[in-house]
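Encoded as structure tokens, the structure appears first; notes follow it.
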Amino acid sequence: MNRFVASGIAIAIVMTLCSMTAHADVVTDWNQTTLEVLKAGNMVGNPSSRAMAMVNVAMSDAINSVQGRYTRYVFAAPAAPNASAEAAAVSAARQILLQLVPAQRTKIDEAYADSLSRIPDGSAKNDGITLGEQVAAVVQSDRATDATNAPDTYRPITSPGVWVPTQPPLFPQYAQAKPWGMKSADQFRPGPPPSLTTAVYARDYNETKELGGTKSSKRTQQQTDAVRFWTQTNFGFSWNDAARQLSAAKKLSLAENGRLFALLTMGIANSFITDWDAKFHYNFWRPVTAIRNGDRDGNDATERDAGWTPLNATPMHPEYPSQAAIQCGAALAVLESVFGTGSVAVVTATDTVDARLQRQFTTVAQMGEEQTLVRIWGGIHFRNTLEVSEQMGRKLSEHLIRNYLTPAR
């Protein structure tokens with residue numbers, strides 16, 4: 001170890017748009033369309049990860065109900081080898097999105113009409129559309145009772161007369177949600193964070209204190225720029241963007257793309273569920289609380305800073321583990337299982353608000369490293385948390401890769 005050492009951002013040639021377009025298919029098209037629909041519907045974070053998994057799993061199951069290249073996740077009806085796999089995938093994606101983001105029907109149906117116009121008319125197309133609707137219904141039924149829409153009953157831990165933050169945490173019900181392809185949300189729950197009196201805790205406390213504060217003199221301008229770039233929206237969609245770029249470079253087939261994006265989005269969805277389980281189990285304090293109370297942690301190596309504030313706004317949920325790092329680990333495990341650990345193509349992350357803002361990486365591991373380190377540079381996480389979380393994310397996806405969407409022939 002250490003995967004999380006600071007490194008410069010590699011500057012390389014951006015993969016050309018025409019190359020990406022030339023090798024696009026309905027899976028990558030609708031992966032992008034889904035991100036655009038969710039953005040238009042203001043769906044981010046936990047619900048966005050659920051929606052992405054539902055759409056991409058539905059497309060994979062629809063394609064493999066025709067082609068039979070990989071096992072299906074949930075759809076078990078007889079194969080339909082004479083149907084159009086493309087039409088089935090498009091139809092399945094549309095049906096899921098119409099249910100999840102009905103206010104975006106116009107945008108969804110415009111994309112649907114465009115996709116269908118590229119598929120030859122005939123019985124295969126018609127059968128594919130029907131098949132896709134059937135697959136979508138099964139995926140929707142499978143997730144209907146996943147507890148992600150359960151009432152918010154979070155109860156702040158306090159004692160009478162003691163103030164606690166009054167803004168509720170984000171989506172606490174995800175701590176009890178049904179994960180994808182796992183027995184329970186706590187299946188890969190890590191051990192507890194370090195004791196406050198340990199040297200590891202002091203090391204991490206002082207690193208975040210020095211690098212992550214609004215007035216830090218140790219953080220470089222490049223690090224500050226990285227923190228500013230990796231907003232929640234940019235962070236949440238970047239792994240799908242990277243996967244589309246790598247897929248275009250390697251020219252994956254339709255079924256290969258179906259499997260890739262289903263595994264990727266299931267892994268990311270699980271990163272939210274398993275993280276929320278562990279976060280609310282351990283309820284570990286954030287750096288802003290820890291550093292302002294450094295004189296009360298029993299550790300002589302942690303000096304209090306009563307006015308310390310983080311560069312990033314502190315998220316409204318506990319510190320340990322880190323969703324950012326779990327998501328990175330989960331995504332890297334999937335992408336590296338398909339593309340290897342070397343440089344397949346330059347990966348470009350583009351700001352979702354201003355497309356002129358981009359960051360480039362020669363490997364997805366570099367992107368994951370930066371996305372993780374900004375949590376220290378932004379003052380909202382500790383290093384040990386990030387290290388434990390990245391390995392946790394890898395375990396989540398490795399479990400999916402071993403057990404789901406495996407080669408059928």
Side-chain angles (χ1 to χ4, degrees), residues 45-54 57 73-74 139 142-157 168-196 198 200-201 204 236 239 262-286 315-334 337 368 372 375 380-405:
N46 307 48
S48 172
S49 73
R50 177 180 182 264
M52 286 297 296
M54 290 180 68
V57 167
Y73 180 77
V74 69
V139 172
D142 180 67
R143 303 312 297 182
T145 57
D146 64 5
T148 56
N149 292 315
D152 178 1
T153 59
Y154 176 75
R155 181 171 181 168
I157 299 174
L170 295 173
F171 309 111
Q173 64 269 38
Y174 271 69
Q176 288 82 41
K178 172 187 173 183
W180 295 80
M182 291 169 48
K183 296 178 182 178
S184 62
D186 63 357
Q187 185 173 342
F188 294 102
R189 182 192 290 169
S195 167
L196 301 184
T198 62
V200 169
Y201 175 75
D204 294 351
W239 290 109
L263 287 172
L264 175 65
T265 53
M266 283 195 291
I268 291 174
N270 279 348
S271 74
F272 281 91
I273 294 169
T274 58
D275 184 38
W276 259 239
D277 160 75
K279 278 182 181 295
F280 290 100
H281 176 76
Y282 292 116
N283 208 44
F284 196 62
W285 59 6
R286 288 279 183 172
M316 283 305 299
H317 41 75
E319 191 271 344
Y320 180 90
S322 160
Q323 199 286 317
I326 299 175
Q327 185 173 154
C328 285
L332 286 171
V334 172
S337 75
T372 305
R375 274 20 199 182
I380 60 175
H381 271 300
F382 298 116
R383 181 174 292 269
N384 178 77
T385 295
L386 302 177
E387 293 171 351
V388 169
S389 301
E390 194 242 8
Q391 291 304 311
M392 180 180 169
R394 286 184 174 273
K395 291 177 182 177
L396 301 178
S397 284
E398 288 165 357
H399 171 78
L400 290 174
I401 293 166
R402 285 194 305 269
N403 295 287
Y404 295 92
L405 313 187

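Values below: every heavy atom of this structure, side chains too, minus hydrogens, waters and symmetry copies. Predicted, not measured: the structure shown is a model, and the values here were computed from it.
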Min side-chain heavy-atom separation R189-Y282 under 4.5 Å:
yes
Side-chain (R50) to main-chain (R143) donor-acceptor, under 3.5 angstrom
yes
Tell me whether the rings of W276 and H317 are parallel (<30°), tilted (30 to 60°) or perpendicular (>60°).
tilted
Say you draw a straight line from OG of S337 to CZ of R394; how long is it, rounded to the nearest 0.5 Å?
10.5 Å
Should Y73 and W180 be marked as a ring-ring contact (aromatic ring centres under 6.0 Å, His included) after you check the CA-CA gap, both sets of side-chain angles, and the distance that decides it?
CA-CA 9 Å; Y73 180 77; W180 295 80; 5.6 Å; yes
Could you report the tightest heavy-atom contact between F272 and S49, atom names first, then the distance?
CD1-OG, 3.3 Å
Are P47 and F171 side-chain neighbours, meaning at least one heavy-atom pair lies under 4.5 Å?
yes
Is the shortest heavy-atom distance from the side chain of T274 to the side chain of M182 under 4.5 Å?
yes
S397 versus V334, closest heavy-atom pair with distance
OG-CG2, 3.6 Å
Heavy atoms only: give me the nearest K279-P321 pair and the separation to one decimal.
NZ-O, 2.7 Å
Please find the pair of heavy atoms, one from A177 and one from I273, that lie closest to each other, and give the distance.
O-CG2, 3.5 Å
Using only atom types and a distance under 3.5 Å, with no angle test, would you say the side chain of R286 pairs donor to acceptor with the backbone of I380?
yes
Under a 3.5 Å threshold, yes or no: a donor from one side chain and an acceptor from the other, between Q173 and T148?
no
We want to know whether E319 and T385 form a side-chain donor-acceptor pair, criterion being a heavy-atom distance below 3.5 angstrom.
yes
Interatomic distance, CD@E387 vs CG@N384, rounded to 0.5 Å, equals 6.0 Å
Looking at CD of Q327 and CG of L332, how far apart are the two atoms once the value is rounded to the nearest 0.5 Å?
10.5 Å
Gap between atom CG of L386 and atom CD1 of I326 - 0.5 Å precision
10.0 Å
Any side-chain heavy-atom pair from D186 and H281 closer than 4.5 angstrom?
no
Could you check whether the rings of Y320 and F284 sit parallel, tilted or perpendicular, using 30° and 60° as the cut-offs?
perpendicular
CG on D146 to OH on Y174, rounded to 0.5 Å:
7.0 Å
Nearest heavy-atom neighbours spanning Q323 and D275:
CB-OD2, 2.9 Å
Can a donor-acceptor pair be found, under 3.5 Å and without considering hydrogens, that links the side chain of S195 to the backbone of T198?
no
Yes or no on side chain to side chain contact (heavy atoms under 4.5 Å, CB included) for N270 and L400, after CA distance, side-chain angles and deciding distance?
CA-CA 10 Å; N270 279 348; L400 290 174; 4.0 Å; yes
F280 and P169, any side-chain heavy atoms less than 4.5 Å apart
yes
Closest heavy-atom pair and its distance - S322, S389
N-OG, 2.9 Å
Do T372 and E390 come within less than 4.5 Å of each other through their side chains, counting heavy atoms only?
no
Please report the interatomic distance CG(L396) to CD1(I401), rounded to the nearest 0.5 Å.
10.5 Å
